[in-house]
Engineer: 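Sharing a structure here in structure tokens format.
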Protein chains: 2
Amino acid sequence: MPDKLDDVARLAGVSAATVSRALRGVRGVAEGTRARVLAAAAELGYAVSPAASSLATGRTGTVGVIVPYVDRWYFSRIISGVERVLREAGISLLLYNLGDDAGRARFFAEFPLRRRVDAVLVLSLPLSEAERAQLLSLGAPLVTVGTEEPGADSVGIDDHGAAVTAMRHLVQLGHREIGFIGETAPVPLGFTTPLRRLAAYREVYHAVCREDGRAPEAGFETGGGFTVSGGEQAMGTLLGLPRRPSAVFAASDEMAFGALRALRRAGLRVPHDVSVLGFDDHDLAGLLELSTVAQPVAELGEHAGRLLLARLSDGKILTSPAILRTRLVLRGSTAPPTTR
Amino acid sequence: MPDKLDDVARLAGVSAATVSRALRGVRGVAEGTRARVLAAAAELGYAVSPAASSLATGRTGTVGVIVPYVDRWYFSRIISGVERVLREAGISLLLYNLGDDAGRARFFAEFPLRRRVDAVLVLSLPLSEAERAQLLSLGAPLVTVGTEEPGADSVGIDDHGAAVTAMRHLVQLGHREIGFIGETAPVPLGFTTPLRRLAAYREVYHAVCREDGRAPEAGFETGGGFTVSGGEQAMGTLLGLPRRPSAVFAASDEMAFGALRALRRAGLRVPHDVSVLGFDDHDLAGLLELSTVAQPVAELGEHAGRLLLARLSDGKILTSPAILRTRLVLRGSTAPPTTR
DNA sequence: ATGAAAGCGCTAACAT
DNA sequence: ATGTTAGCGCTTTCAT
């Protein structure tokens, strides 16, 4: 344990300050000296104490990542992307999983980030005024993915545009009765993504109804909680309606999976009886032949990582949000409606 | 920023030492004093500097979690479980994602854990002698899930037993020609779990062959890389065999999903033409009506978290590995073979 | 029960 | 280019 800086200094025959400089690659150290220091450090198996270094510099070499649910495909993918680029830069990642509103409250009450991180990454979580202030009060760069916050850099996709494209695909196939599976207020943790997709759904579906000169079916908007079972239930509700949609747009692939199951159980065929369109391009979407909107999840994470690194070095320059491209992936779950 | 301990001390009218004691709940502080200190700290919005505290005590309030792939269902689930119990105890989680052999090598070369963590958790990764020594040299408790290492506490399941149970289920249904989709050496990152399941497969399948007085089909053992597409390919290989298995045991649900797809594409029905049995009880197994071996993944994580906490307080007492229960979940993908 | 003082191991001026 | 000297903000003897 007592592998202190001074031991290295003694072995290399220089002062502690020089060792510190040499080890950090700071300019102003003769080549020969640096080599000797490095050799001595290696021989002693020496590594600086992050705590001491952090106390002296104020930097921690760590970024905090705040995530709603680590174990959801989308988030774990992003984390993986972020971690990759951060670790290449020698930065460690402190993970905070919120889980639910209670967890979120506890997190902001205890606020374990104070002085622990050099920067913070927030995933898909719209911040309250107070939370944002608290985060910003750390004096550390803040970056978000999936949301935009004043004072933070962000990466995301054009949720609205992508959802509109998805809906239009359904309309172009000839569907006029389109159901939606997503989230109906109140949305857990205050997510806004579901709302943006719902807005896009309405925009397109209502326009279709207007053309046809009839009122939109209010019952076509269902909540699936972004889970498979929730999607299954929602589809069940849709199927129970007097006028049944010929197509369904689910705001996540997981809910779409649930919808597929409900359909299968009801003895209905996809896409013959009902078309289903998802969102995400989940790993298993191909398996289930689900047509969906693909978003570059890993890239979102990597980009966020790069943003973090940039802010960490060149101070905090706020840029406009980076918008990554999505694309419609057509598989076997969408087709023109059958005339009945 | 300059919310130092001394400010609180001044406001409370006591010394810094007393503030430190009061804040940590150390005994030996008068009730009234403690109350005043707490009030002062609250008023100032004070929180201790982890770096300073860590430098003084040697403790970091952090545990390092080493995981092969964060974005695989199984691992993200475990992480979620660990995080939950750790954060309740006020411990933060430093995440290290290995990814592949190169990442693993880099990790152990740089070894970013030194002095950063109070304990280490390793998921499913069999350690080399050197790696284990390196980890143990941290002088911090080590716990593992899914593997056993000398000097470490561990949680896991009875992989072999569970796989044997799974295989026997197939045999009891009447299957004599059973294929395996798993991993064939060399296994990425040196995982041993696939090997244990393979061994169980052989044990049962070979016994069946012996009874029937014939040699086991060597071609029945295929590698699916623990991914959907790998499982799909493996099933394709199996289907190309002269003598085709009537049932398949996949060492993970994801590979089983791939097998289901290959079967569907080949125009074969499950379980009518081929039975498929998975392992894990993945979130989507129910969706696909996959029979499988359920293992309590979240609980594995929570148990690991508790083990970590225990070691952190009562010093390191090594216990025998905790084995959590698995159970066979029968859904629609397994049935007696059809006589052809 | 409380305070004074000496570090914990490093980095950052300031000298030289 | 290198060394000296102060801290960074806390915890922990040791006194009182």
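Predicted, not measured: the structure shown is a model, and the values here were computed from it. Labels below follow one simple rule: chain letters A, B, ... track the order of the sequence lines, proteins then strands, and each chain is numbered from 1.
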Engineer: With distance as the sole criterion, do the side chain of Arg21(A) and the base of dG3(D) form a donor-acceptor contact below 3.5 Å?
Structural biologist: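 It does, because a donor-acceptor pair links the side chain of Arg21(A) to the base of dG3(D) below 3.5 Å.
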Engineer: Check every atom of dT12(D), dG9(C), dG3(D) against the side chain of Ala56(A) and return the nucleotide holding the closest atom.
Structural biologist: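 The answer is dG9(C).
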Engineer: Please give, in whole Å, the distance from dA12(C) C1' to Leu23(A) CG?
Structural biologist: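 Those two atoms, CG and C1', are 16 Å apart.
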Engineer: Can you check the Arg34(B) CZ to dA1(C) P distance for me, whole Å?
Structural biologist: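 Computing the Arg34(B):CZ to dA1(C):P distance gives 10 Å.
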Engineer: How long is the line joining CG of Leu5(B) and P of dC10(D), in whole Å?
Structural biologist: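 Those two atoms, CG and P, are 4 Å apart.
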Engineer: If we only count heavy atoms from C-beta on, is the Asp118(B) to Thr62(B) side-chain gap below 4.5 Å?
Structural biologist: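 Not touching, per the 4.5 Å side-chain cut-off.
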Engineer: Could you please name the option among dC10(C), dT12(D), dG9(D) that lies closest to any side-chain atom of Ser49(B)?
Structural biologist: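 Taking heavy atoms from C-beta onward, the closest nucleotide is dG9(D).
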Engineer: Rounded to whole Å, how long is the line connecting atom CG of Asp7(B) with atom P of dC10(D)?
Structural biologist: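 Checked: the CG to P distance equals 9 Å.
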Engineer: Do Tyr69(A) and Ser76(B) meet the criterion of a side-chain donor-acceptor pair at a distance under 3.5 Å?
Structural biologist: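 Checked: Tyr69(A)/Ser76(B) side chains show no N/O donor-acceptor pair below 3.5 Å.
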Engineer: Taking 4.0 Å as the cut-off, does a side-chain nitrogen or oxygen of Ser15(B) come that near to OP1 or OP2 on dT2(C)?
Structural biologist: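 Indeed not, no polar side-chain atom of Ser15(B) lies that close.
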Engineer: Would you mind reading off the distance between Leu44(A) atom CG and dC10(C) atom C1', rounded to a whole angstrom?
Structural biologist: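 The answer, rounded to whole Å, is 16 Å.
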Engineer: Would you call Asp71(A) and Arg77(B) a salt bridge, using N to O less than 4.0 angstrom?
Structural biologist: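 Yes, this pair counts.
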Engineer: In whole angstrom, what separates Arg115(B)'s CZ from dG9(C)'s C1'?
Structural biologist: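 In whole Å, dG9(C) C1' and Arg115(B) CZ are 8 Å from each other.
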Engineer: For Arg59(B) and Arg27(A), take the nucleotide of DNA chain D holding the closest heavy atom to each; which residue's nucleotide lies nearer the 5' end?
Structural biologist: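 On the 5' side of the pair lies Arg27(A).
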Engineer: Taking the nucleotide of DNA chain C with the closest heavy atom to each, which residue, Thr57(B) or Gly13(B), is nearer the 5' end?
Structural biologist: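 It is Gly13(B), whose closest nucleotide lies nearer the 5' terminus.
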Engineer: Could you check whether Arg87(A) pairs with Glu110(B) (Lys NZ or Arg NE/NH1/NH2 to Asp/Glu carboxylate O, under 4.0 Å)?
Structural biologist: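 The answer is no: the pair does not qualify as a salt bridge.
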Engineer: Whole Å only: how far is the CG atom of Leu55(B) from the P atom of dC8(C)?
Structural biologist: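 Those two atoms, CG and P, are 9 Å apart.
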Engineer: Salt bridge or not between Asp7(B) and Lys4(B)? Use side-chain N to carboxylate O under 4.0 Å.
Structural biologist: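 Looking at Asp7(B) and Lys4(B), the cut-off is not met.
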Engineer: Taking 4.0 Å as the cut-off, does a side-chain nitrogen or oxygen of Arg24(A) come that near to OP1 or OP2 on dA12(C)?
Structural biologist: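 Looking at the OP1 and OP2 atoms of dA12(C), one of them is under 4.0 Å from a side-chain N or O of Arg24(A).
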Engineer: Output the rounded distance in Å from CZ (Arg114(A)) to P (dG9(D)).
Structural biologist: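 For the pair Arg114(A) CZ and dG9(D) P, the rounded distance is 15 Å.
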Engineer: Does Ser20(A) put a side-chain nitrogen or oxygen below 4.0 Å from OP1 or OP2 of dC10(C)?
Structural biologist: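 It does not, given that no N or O in the side chain of Ser20(A) lies less than 4.0 Å from OP1 or OP2 of dC10(C).
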Engineer: Quick one: is Thr33(B) getting a side-chain N or O under 4.0 Å of the dT2(C) phosphate, OP1 or OP2?
Structural biologist: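 For dT2(C), OP1/OP2 do have a side-chain N/O of Thr33(B) under 4.0 Å.
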Engineer: When all nucleic acid strands are considered with a 4.0 Å heavy-atom cut-off, which category describes Ala30(B): base, sugar-phosphate, or nothing?
Structural biologist: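 The answer is sugar-phosphate, as Ala30(B) gets under 4.0 Å only of primed atoms, P, OP1 or OP2.
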